[in-house]
Amino acid sequence: MSIKIEHVSHLYGEGEAFEKKALDDVTLEIPDGQFLGVIGHTGSGKSTLIQHLNGLLKATSGTIYYNNEDIYQENYDMKKLRSKVGLVFQYPEHQLFETDVFKDVCFGPKNLGLDRKETELRAYKALKMVGLPDEYFYQSPFDLSGGQKRRVAIAGVLAMEPDVLILDEPTAGLDPKGRDEILELIKGLQETGMTIILVSHSMEDVANYVDRIIVMNKGSVMLDGVPKDVFAHYKELEEVGLEAPAVTYIMQQLKQNGFAVSTDATTIEEAKEEILRALHRAD
Ligand code: ADP
């Protein structure tokens, strides 16, 4: 069970004067339960890529397999795919529209054709999963804070009980506290077994959380690996307008200055431990 992307290319405006190749022969496999970070500069193809995974965009060439089924085969159930591969767009709170939070979260499961009881059970469960206090359930979504609105919008997708959750820049516009809370929430969802695909332009954001990073550049996968291996290419990342997390630079600098540290640390905690270890060794 997985998502397999095979030689997928995507052209916007195919055959027209403004034709644009947004994806160029992308091949990737995303196993179940993985927390994948998709990083890249604006315009590198991240949004185009993720919109292929739930069938919102169709590949110009190549194909995609979801749980070993070709999603482009005749009679493939796209509606089911969209409920199993949930997509949380950038600033999803802009799409809240119902008079109260609970109704908003019911929208997705109701649209799947579920009966009222099942719809409401799922909405309740989803709101609990995102940690929204009960007293907000019957308030207008517009009265909530930015971070809470975003939780409600995420709950709206969770209520469809997806196996894969894709989030496009889920921390955009949030303050550092709101950002950490949303990332912790997402990490918690992965721990329940969900596959998570998180799109971001910030390495710093994802370094602490993801199992694997793919770096997109000009519609292709430029790097693919565990965070420490990807960050080891920090010079190439800079060439395409990306930065490794600050910790990477500090450890590289310490090493260059003759301090015997390994440069593998990707989080502040790991860096602290490595520096303390090196200090002990030097005693
Ligand atoms: P990212 O999400 O990394 O910012 P996108 O997938 O949005 O990148 O865009 C990839 C490329 O495709 C960019 O050059 C962008 O200008 C172009 N593009 C995106 N959407 C469209 C569209 N609807 N029509 C034409 N070109 C588009």
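Both counts, for ligands and for their atoms, begin at 1 and track the order of listing. Quick caveat, the model's predicted, so the values are computed rather than measured.
- Sorted by chain and number, the residues within 4.0 Å of ligand 1 by heavy atom are Tyr12, Lys20, Ala22, His41, Thr42, Gly43, Ser44, Gly45, Lys46, Ser47, Thr48.
- Both tests pass for Lys58 against the ring of Tyr72: distance under 6.0 Å to the centre and angle within 45° of the axis.
- The shortest distance between side-chain heavy atoms of Val221 and Met216 falls below 4.5 Å.
- For Glu273, there are no salt bridge (Lys or Arg N to Asp or Glu O under 4.0 Å) partners at least two apart in sequence or on another chain.
- When each of Ile166, Leu36, Val164 is checked for a side chain to side chain contact (heavy atoms under 4.5 Å, CB included) with Thr195, only Val164 meets the rule.
- The pair Lys235-Glu238 does not count as a salt bridge, with every side-chain nitrogen at least 4.0 angstrom from each carboxylate oxygen.
- Of the candidates Lys46, His41, Glu169, His201 forms a side-chain hydrogen bond (donor to acceptor under 3.5 Å, both in side chains) with just one, namely Glu169.
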